[in-house]
Asks: 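Quick one: structure below, then a few questions.
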Amino acid sequence: MRNEKDSQIDFFEKVYDVVRQIPYGKVTTYGLIAKHLGSPQAARMVGWAMNKSHYQENYVPAQRVVNRNGMLSGKHHFNGEHVMEDLLMSEGIQIKNDCIIDFEKHLWDPEAFLK
DNA sequence: CTCGTGACTCCCC
DNA sequence: AGGGGAGCCACGA
């Protein structure tokens, strides 16, 4: 049985939970995660969670989360200019102009895996 | 407590 | 085609 306090921490925890399950070489979007959590409009919160994910003890592959266009909107929040890009490329994902090439091929829908 | 802001997205003009 | 507004919710000042 859940109490109200549980539901308060649900969102961020679920975000981290989903992000950690993104397979190697795959990516997903803020919107899909938010949608999976039941609040399609709360994509901004996912981004906020990613920002805060830096303080999480467990590893959160934030580089695998991009905006709906496959653009690396969060790259500026990594330590270095090319960190996010390098991480993705090391997983076999091609990047050009901060955009993921063949984004749809690498897209991982949380609903498909977790339903 | 109130206000502003943000790694987003959708809708309308 | 591109710009503006609204909704979402947590968090810091």
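In what follows, chains are A, B, ... by sequence order, proteins preceding strands, each numbered from 1.
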Asks: Is it true that A/E111 and A/K35 have a side-chain N and a carboxylate O under 4.0 angstrom from each other?
Replies: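 Not counted as a salt bridge, because no side-chain N and carboxylate O are separated by less than 4.0 Å.
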
Asks: Find out whether A/V27 and A/I22 are in side-chain contact, i.e. whether some heavy atom of one side chain is under 4.5 Å from a heavy atom of the other.
Replies: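 No. Closest side-chain heavy atoms not under 4.5 Å.
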
Asks: Dump the intermediate steps for side-chain contact (heavy atoms from CB on, under 4.5 Å) on A/V83 and A/L87, then the final yes or no.
Replies: CA-CA 6 Å; A/V83 176; A/L87 285 169; 3.9 Å; yes

Asks: Is A/K52 reaching over with its side chain to a backbone N or O of A/G47, donor-acceptor style, under 3.5 angstrom?
Replies: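 No, because the side chain of A/K52 does not come within donor-acceptor range (under 3.5 Å) of the backbone of A/G47.
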
Asks: Applying side chain to side chain donor-acceptor pair (under 3.5 Å) to A/H106 and A/E91, what does each step give before you reach the verdict?
Replies: CA-CA 11 Å; A/H106 297 287; A/E91 299 189 3; over 6 Å; no

Asks: Using a 4.0 Å heavy-atom cut-off to protein, can you give one letter per nucleotide of nucleotides 7-13 of chain B, 5' to 3': B if the base is in contact, S if only the sugar-phosphate is, - if neither?
Replies: BBSS---

Asks: Just to be sure I understand the geometry, which residues of residues 95-104 of chain A put a non-hydrogen atom under 4.0 Å away from DNA chain B?
Replies: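 By residue number: none to list.
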
Asks: Are the side chain of A/S39 and the backbone of A/A42 linked by a donor-acceptor contact shorter than 3.5 Å?
Replies: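 Answer holds: no.
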
Asks: Between the main-chain N or O of A/W108 and the side-chain N or O of A/T28, is there a donor-acceptor pair closer than 3.5 Å?
Replies: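 Answer holds: yes.
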
Asks: Check A/V19 against A/A62 and note the closest heavy-atom contact, atom names and distance.
Replies: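 Taking A/V19 first and A/A62 second, the nearest heavy atoms are CG1-N, 4.4 Å.
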
Asks: If I take atom CZ in residue A/F12 and atom P in nucleotide B/dG6, what distance separates them, rounded to the nearest angstrom?
Replies: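 Between P of B/dG6 and CZ of A/F12: 15 Å.
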
Asks: Sticking with atom C1', work out how far B/dA7 lies from C/dG2, rounded to a whole angstrom.
Replies: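 Going atom to atom, C1' in each nucleotide, I get 23 Å.
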
